[in-house]
Amino acid sequence: MMAYSNKKPGGGGGGAGSTGSYACWSYSSYSAILVLIVPLVVVFGLISLLSPNSSNWVFISNYYLTGPSSNTSTTNSSEIGASHDNILGLRSTVVVMDMHSSTIEEVHSDDYVQNRSASPPLAIEEATPPPLQQPIINGTKDEDPMNETHASIMNNPATRQKEYTSLGRLEGRLRRARVAIREARFGNKTHDADYIPNGPMYWNANAFHRSYLEMEKRFKVFVYEEGEPPLFHNGPCKSIYSMEGNFIHEIEVNNQFRTRNPEEAHVYFLPYSVTMLVRFVYVRDSHDFSPIRQTVRDYVNIISTKYPYWNRSLAADHFTLACHDWGPETSNSDPYLRKNSIRGLCNANTSEGFNPSKDVSFPEINLQTGDTHGFLGGPSPRLRSILAFFAGGIHGPIRPILLEHWENKDEELKVHQYLPKGVNYYDMMRKSKFCLCPSGYEVASPRVVEAIYTGCVPVLISDHYVPPFGDVLNWKSFSIEVSVSDIPNLKNILTSISTRQYLRMQRRVIQVRRHFEVNSPPKRFDVFHMILHSIWLRRLNVRVHDDQ
């Protein structure tokens, strides 16, 4: 079929002849077009009716994912999507795929619930109130009596019936949560006797508080019960990978968020431990990752065959959690696990595929004794005589640069590969104003949380690292970010920070510490609840729609 062009046919200029030729071409072409289009419309209509599972989509900020083609037998009739009307957000660019026309458009949304971290994309932060766009959930639109589309949809019996399915009710409740969070950005009068977030440590304290309360009221997690320990339902509760075991244990004994009814769940947890897979499945020094991949693949096959939820959403409402370095690699076992699922990772490295729009960064905490007893707290700033401190082995590309420039070179910067005999590591942190946290082979470092525990302002020296809970916390308000190229200027950077600014940052470190504390049983706003809240935010920006 021909198309119009700005260039006129025949290369000639205007005039009656040229105009007539255009009219004649248009009239005859319309007849031919109608002959071609009418059968195509009929055919495509039949295809849409007979093949409802032709495509599944997941739409998240700066990210869109396609599901299997129509010949994939493992997919139920479902749609996953979040149009820009269904996304709450504040200054993110949203890529929107129209599921009917397959067109892509870029929308600058002011209603995106996932929040911007200190460096990568997402944040709840102060903003001028945008025009209110009501989210569309399962074909219904929030209260807008003047909207004709809304009225016609509400008069559709099929739409009304769909709203009363389990999934329809669940998505309806999520819609109300989105509206409440959006409204709270500009004022939250909710009373909380325990804790009310406040201060520049949060992108938007009101929105975070409202979101947290909505999570407490609504959020339900279904934990798949398949699999046996030690690979599943188990994990280390000590060591540098302790958060794997702690989270698995706490969510499985939790009566508030865990549900035994998968129909009322918002997310589905795959309770395998990457640390345990490495310990029991991987053959040491073999460099063969296939046994681990096969184990994860088999587990996904079991749950996707036994339950409908994986195929219904193509894993978009499923999540995993791993603090081991190989967590990102493990998710390569299944394409939807990597592309669609919510991956909770300590090793939140954007150069290795970590996507802040859908993945969750959580802290690496080295629980040497299994708890934080004796690790929390430190002296006041006036008793901290050391400007900055670091001690650690040489591994990775960053630490050799740090040691080359500063090891035993300056009395104010205590930089060591090995601590002098009789010197206590944590005592040095408590005596320091700033604690240097350079990445090793992996971007995450337990030093970040150790600094926060001891009241030392963290200095993040890394590339491609997404700090934990950056969708809520404004890391630039209580930490320093230093690029690798600025390591030679480290002392100048730190000494240029005024005493007043340092005191503000140190006070904020103490305030945000509650969000990194490990408690058993968990306490509100602690690290367990912050991990859940990060998962909750990602789930808010996914719409699961089942046509059946």
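Just so we're clear, the structure is a prediction, and the values are computed from it rather than from any experiment. We use all heavy atoms of the structure for the numbers below, so side chains are in, but hydrogens, waters and symmetry mates are not.
In this structure, a donor-acceptor pair under 3.5 Å is present between the side chains of R338 and N332.
Ring geometry, H209 versus F525: the interplanar angle falls from 30° to 60°, so the pair is classed tilted. The aromatic rings of F247 and F528 sit tilted, their planes meeting at an angle between 30° and 60°. Taking the six-membered ring where the residue is Trp, Y299 and F232 present parallel rings, their angle staying beneath 30° rather than reaching 60°. Using cut-offs of 30° and 60° on the angle between ring planes, the pair F219 and H266 is tilted.
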| task | Report the C-alpha distance between W310 and Y336 in whole Å, list the side-chain angles of each, state the deciding distance to 0.1 Å, and finish with yes or no for ring-ring contact (aromatic ring centres under 6.0 Å, His included). | result | CA-CA 9 Å; W310 176 277; Y336 300 131; 7.2 Å; no
| query | Can you check salt bridge (charged side-chain N to carboxylate O under 4.0 Å, His left out) on E450 and R447, steps first, answer last? | reply | CA-CA 5 Å; E450 290 168 348; R447 287 171 177 80; 5.4 Å; no
| field | Y465 vs F354, side-chain contact (heavy atoms from CB on, under 4.5 Å): CA-CA, chis, key distance, verdict | value | CA-CA 9 Å; Y465 180 47; F354 182 89; over 6 Å; no
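The one candidate from F269, W536, F222 that meets the ring pair (Phe, Tyr, Trp, His ring centres under 6.0 Å) condition with F319 is F269. Of the options Y307, Y224, Y309, a ring pair (Phe, Tyr, Trp, His ring centres under 6.0 Å) to H318 is made by Y224 and by none of the others. The ring pair (Phe, Tyr, Trp, His ring centres under 6.0 Å) test with F516 is passed by exactly one of F469, F362, Y453: F469.
A cation-pi contact, defined as under 6.0 Å to the ring centre and within 45° of the axis, links R514 to Y195.
Pairs of residues two or more places apart, or lying in two chains, that qualify as salt bridge (charged side-chain N to carboxylate O under 4.0 Å, His left out) and include a residue from residues 254-283 are E225-R258, E225-R260. Under the side-chain hydrogen bond (donor to acceptor under 3.5 Å, both in side chains) criterion, the residue pairs touching residues 227-245 are H233-E252, E244-S273, E244-T275, with sequence neighbours excluded. The list of side-chain hydrogen bond (donor to acceptor under 3.5 Å, both in side chains) pairs with a residue in residues 519-529, not counting sequence neighbours, reads D192-R524, D194-R524, E216-R524, E250-S520, N519-D526, D526-H529.
Side chain of N311 to backbone of S304: a donor-acceptor contact under 3.5 angstrom is found.
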